[in-house]
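What's counted below: heavy atoms across the whole structure, side chains too, no hydrogens, waters or symmetry copies. Counting starts at 1 for both ligands and their atoms, following the listed order.
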Amino acid sequence: MRLSASFGAAMASSLAVCRLHMKGRGSLSKCLQKVDTFLHRTIGTNVVAVQEEREGCKSLYGVQAERQEQAERSVLISCHSRTNEKKFLKYLSRHGDINKYFFYESYGMYAVVEFANREGLVSLLEEAAIPSISHESMVPFKSRLLSLRNLGSADASNQQSGQQCQPQTTIPINELIQRLSREESIEQQITSLTHVYQLTEENSRLRFLVCSLLKDIAAAYFPECTINPFGSSVNGFGKLGCDLDMFLDLDGISGRNAKMPKSGLWLEYQMKRANSERAVTQSLLSVIGDCVDQFGPGCVGVQKILNARCPLVRFAHQPSGFQCDLTANNRVAMKSTELLYLYGELDPRVRHLVFTVRCWARAHGITSSIPGAWITNFSLTVMVLFFLQRRSPSIIPTLDHLRDLAGPGDKSVIEGNDCTFVSDFGKIQLPSNAETLEKLLCEFFEFYATFAFNKMSISIRKGKEQNKPEVAPLHIQNPFETSLNVSKNVNVTQLDRFVALCQESSWLLQQSDTNTPRGGNAGKAPTPWGLATLLMPSQVAGIKGRKKRRREPASERIKSLLESLKNTNQHKKS
Ligand code: GTP
Ligand code: MG
C-alpha cells in the first residue's frame, strides 16, 4: 500500500534519506552486549564456547521486557540543535537520576532521556506546561513527547554541542561499496556490512519508546493493553531505517490464560459481540487509528488498511522518522519473530549471511519497500535459513527439531496452528560446522542458482525440499501456517531475476579477478572486489528466459567488469 497525499511523497523520500544522528551516554544493557559479542566473535572456530554463550542468551521476551520497562521510564524531547547539554541535563536531573540519554537528528534535534525510576519521570511531566499559544486549538493530550523551551539569553557554549552527534544509520550503497573494497577478505567484508547496517542500541531503544508512546494513546480505551514491536525491529535482522511493525496486544485484558472456577458463583464482564474475530480486530484498529490520527503528537499520514489479510494502521512517526505499521491479533507474526530471533542467536553466521543477502537483494531491486511481486525480506530470510539447514552438517536445526525439544511451558497453538518450539537455548545442540562466511555466501548463490523452483517448495519446518503443493513460481512454506505460501505474491519475472542474479554472483565469487582485493592508488577510491562487486549494478535483470541465461552465464556486465580489471592491471604493469 502506498502512502497517499502530499505528505506521502515527502515522507517517503524523507524516510529514504532519513539519517538518525545519535550520541549516547550510559552503559549498554547486558543482553545487547551479549548480542554484540556474538556478532563480533570469530566464526565457526570454537564450538564449545558458542554452546556456552548460547546457554546464557536471553529469550526475545526477556529482551522485550527489559526494553519496555526502560521505555516506560523515558521521554522524547524535541530540542534546539544548539541545546547546551550540561544545562539540559542539570535541568532534567532536578527531577530524578538519569540512567541514559542520547541525542539524534530527524526533522530536528531530539533527545531520548531515561530516568532511573518512574518518580523522576512523573515529576518532570508534572512540571511541563501546556503550550500557551493558540491554547484553544490544541488537543489537550499530555504525552511523553515534549518540547524544550528556553526563555533565557543565548548561551555561547551552546555552539559546540551539535558537533557531538554521531551518525547512526545506513550509509549510501556507493559509500558501502567503497568501504567494503578497503577490507582485506570477503569474511571481513561480510562482518563489516553487518556492523554498518544493523540497528544500534539507541535505535532499538527509540523503537520501544515509540511503541510505549503509542501504548499511552491506546490505553485511553484499553488500560491493560501493550504495544510490542515485532518483525525486523526485534528479530535481530533489522537494518537502520527499517519500518517499525507493532502489535497491539490485548491478551492482558481478555485473560486468555485466566483460570475459571470449577464450581460455585462467579461474575463475568458483559461485553459487546462482533461478527468475527477479524471484525473485532478491524474495529479496534479503526478506533485506535482515529485516535492516533487526531490526538497522537508527531503521528502523521495515518492510513487505515483494514481490509488487508492482516488489517493494519500505517502512519509516519515524525519525531523518530519511523514508518509504522500497527496491527492487532497478529500473534503468529510474533511467533515468527521469536523464531527468527532464536535462529539468529544460535550461530553468528546466520545474522551475517541474512544481512548480506538482504543488502545484496535490495541493491539489485529484488526486494522493495513498495508492495508488489517482489520477494520480501521475510521470504529471503527464510530462504537463507533453509540453505543453512541444508549444509552438511547443518548449521541450524529444523523447526520440527526445535518443536521436539520444547518443554511443557513452550506449548503454543494459535488459531489451530502448532507454533510450539523450544525457548531454552541451552537445550539446542548443534553439530560442528566450521564453514567460513565466504564459502557460505558462495554456496548460497550456487544453491539457489540451481534450485528446482519449478517442482520444489522450501520448508524450514522439515529442513528439506518438499513437493510443491500449488503452482506458484516460488513456494516457501509458512513456518507456522503450513498450508500457506509466504511468497505467493512473487511472479515468474521476479523469480527469474533472482535466479539470474544468483548465477551471476556465484560466478563472480569464483573468479580470481573479482574475488581478491584489488588495492588502489593512494587518495583514489579503491577498486571494488569481492562482496563489493556483488552490490554493483547488474545487467542480468534484463534477461528474459532461463535457457538463454544458461547458454550465456557471463553477462555483459561481468565481461566489461573483467575487461576493466584487465585494463587496470595492464595499465599498472606498463
Ligand atoms: P523489513 O520490514 O523488510 O525489514 O522486514 P520484516 O521482517 O520486518 O518484514 P515485514 O515488515 O514485511 O513483516 C513483519 C513481520 O511479519 C515479519 O518479520 C514476519 O514475522 C511477519 N511476516 C511478514 N510477512 C509474512 C508472511 O508472509 N507470513 C507470515 N507468517 N509472517 C509474515
Ligand atoms: Mg518490518
Side-chain angles (χ1 to χ4, degrees), residues 1 15-16 18 60 64 169-170 194 197-199 203-204 207 210-211 228-249 305 308-317 320-344 350-351 354-363 365-385 399 412 414-419 421 457-461 472 474-490:
M1 186 68 66
L15 281 170
C18 173
L60 179 59
Q64 281 194 309
T169 184
T170 51
T194 311
Y197 269 33
Q198 69 191 348
L199 298 185
N203 198 273
S204 171
R207 284 169 190 269
V210 172
C211 288
N228 294 311
F230 71 98
S232 59
S233 293
V234 282
N235 66 15
F237 302 116
K239 174 185 144 187
L240 281 167
C242 69
D243 67 355
L244 172 56
D245 302 294
M246 292 178 279
F247 165 48
L248 171 71
D249 187 352
I305 307 167
R309 189 177 85 85
C310 179
L312 66 111
V313 174
R314 176 166 291 176
F315 59 94
H317 186 257
S320 61
F322 296 144
Q323 169 79 39
C324 302
D325 280 349
L326 176 66
T327 60
N329 196 14
N330 194 8
R331 295 198 306 282
V332 178
M334 202 58 226
K335 270 286 166 193
S336 313
T337 303
E338 200 189 330
L339 180 70
L340 262 48
Y341 173 85
L342 183 146
Y343 276 128
V350 178
R351 272 204 190 106
V354 170
F355 267 103
T356 304
V357 171
R358 278 189 176 205
C359 177
W360 165 86
R362 194 72 177 91
I366 290 180
T367 53
S368 166
S369 56
I370 309 161
W374 292 274
I375 300 176
T376 63
N377 272 331
F378 179 65
S379 297
L380 208 54
T381 307
V382 176
M383 290 171 93
V384 175
L385 297 177
L399 179 51
S412 168
I414 302 171
E415 289 156 21
N417 300 300
D418 187 4
C419 301
F421 61 91
S457 160
I458 290 163
S459 162
I460 59 165
R461 182 159 277 286
L474 174 61
H475 194 279
I476 303 175
Q477 189 192 48
N478 186 322
F480 297 117
E481 295 158 295
T482 50
S483 61
L484 300 180
N485 173 13
V486 300
S487 52
K488 205 171 131 188
N489 61 313
V490 177

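Residue-ligand proximity, N377 to ligand 1, at heavy-atom distances under 4.0 Å covers atoms 1 (P), 3 (O), 4 (O), 5 (O). Atoms of ligand 1 found under 4.0 Å from any heavy atom of T337, numbered from 1 in the order shown, are 20 (O). Shown in contact with D245 at under 4.0 Å from a heavy atom are these atoms of ligand 1, numbered in order with element: 8 (O), 11 (O), 14 (C). Atom numbering of ligand 1 starts at 1 in the shown order; those under 4.0 Å from a heavy atom of F230 are 14 (C), 15 (C), 16 (O). Residue contact check: G231 has heavy atoms under 4.0 Å from atoms 8 (O), 14 (C), 15 (C), 18 (O) of ligand 1. Those atoms of ligand 1 with a heavy atom of C242 less than 4.0 angstrom away are 4 (O). Near N478, the atoms of ligand 1 lying under 4.0 angstrom from a non-hydrogen atom of the residue are 28 (N), 29 (C), 30 (N).
The shortest distance between side-chain heavy atoms of S232 and N235 falls below 4.5 Å. Put simply, the side chain of F322 reaches to within 4.5 Å of the side chain of N203, judged on heavy atoms. Proximity of N329 to E415: side-chain heavy atoms (C-beta onward) are separated by under 4.5 Å at one or more points. R207 is listed as a side-chain neighbour of C242, based on a closest heavy-atom distance under 4.5 Å. Considering only heavy atoms from C-beta on, Y341 stays 4.5 Å or farther from V234 through its side chain. The shortest distance between side-chain heavy atoms of R309 and L484 falls below 4.5 Å. For the pair N377/F237, no side-chain contact is recorded, criterion being any heavy-atom separation below 4.5 Å from C-beta on.
Looking at Y341, F378, F247, F480, it is F378 that brings a heavy atom closest to atom 25 (C) of ligand 1.
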Quiz item: Would E481 and S336 count as a side chain to side chain contact (heavy atoms under 4.5 Å, CB included) if you check the C-alpha gap in whole Å, the side-chain angles of each, and the deciding distance to 0.1 Å?
Solution: CA-CA 10 Å; E481 295 158 295; S336 313; over 6 Å; no
Quiz item: Is there a side chain to side chain contact (heavy atoms under 4.5 Å, CB included) between V357 and M383 once you walk through the steps?
Solution: CA-CA 10 Å; V357 171; M383 290 171 93; over 6 Å; no
Exercise. Check the pair L326, L312 against side chain to side chain contact (heavy atoms under 4.5 Å, CB included), reporting the backbone distance first and the verdict last.
Key: CA-CA 5 Å; L326 176 66; L312 66 111; over 6 Å; no
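A donor-acceptor distance shorter than 3.5 angstrom exists from the side chain of N489 to the backbone of G372, with no hydrogens or angles considered. When atom types are taken as modelled, the side chain of T367 and the backbone of I375 share no donor-acceptor pair closer than 3.5 angstrom. In this structure, R351 contributes its side chain and T194 its backbone to no donor-acceptor pair below 3.5 Å.
Looking only at heavy atoms of the protein, atom 21 (C) of ligand 1 is closest to A333 CB, 4.0 Å. Of all protein heavy atoms, the one closest to atom 5 (O) of ligand 1 is S232 OG, 3.5 Å.
Counting heavy atoms under 4.0 Å from ligand 1, residue R358 touches it through the side chain alone.
At a distance under 4.0 Å, a protein heavy atom can be found next to atom 3 (O) of ligand 1. Within a 4.0 Å radius of atom 12 (O) of ligand 1, the protein contributes no heavy atom.
Nearby protein atoms of type N, O or S around the Mg ion (ligand 2) amount to 2 (distance under 2.8 Å).
Ring pair F247/F230 is perpendicular by interplanar angle, where above 60° counts as perpendicular and below 30° as parallel.
Under a 4.0 angstrom heavy-atom cut-off, V332 registers as lying outside contact with ligand 1. Contact annotation: T376 has no heavy atom less than 4.0 Å from any atom of ligand 1.
Polar contact check, R309 against ligand 1: no nitrogen or oxygen pair lies under 3.5 Å apart.
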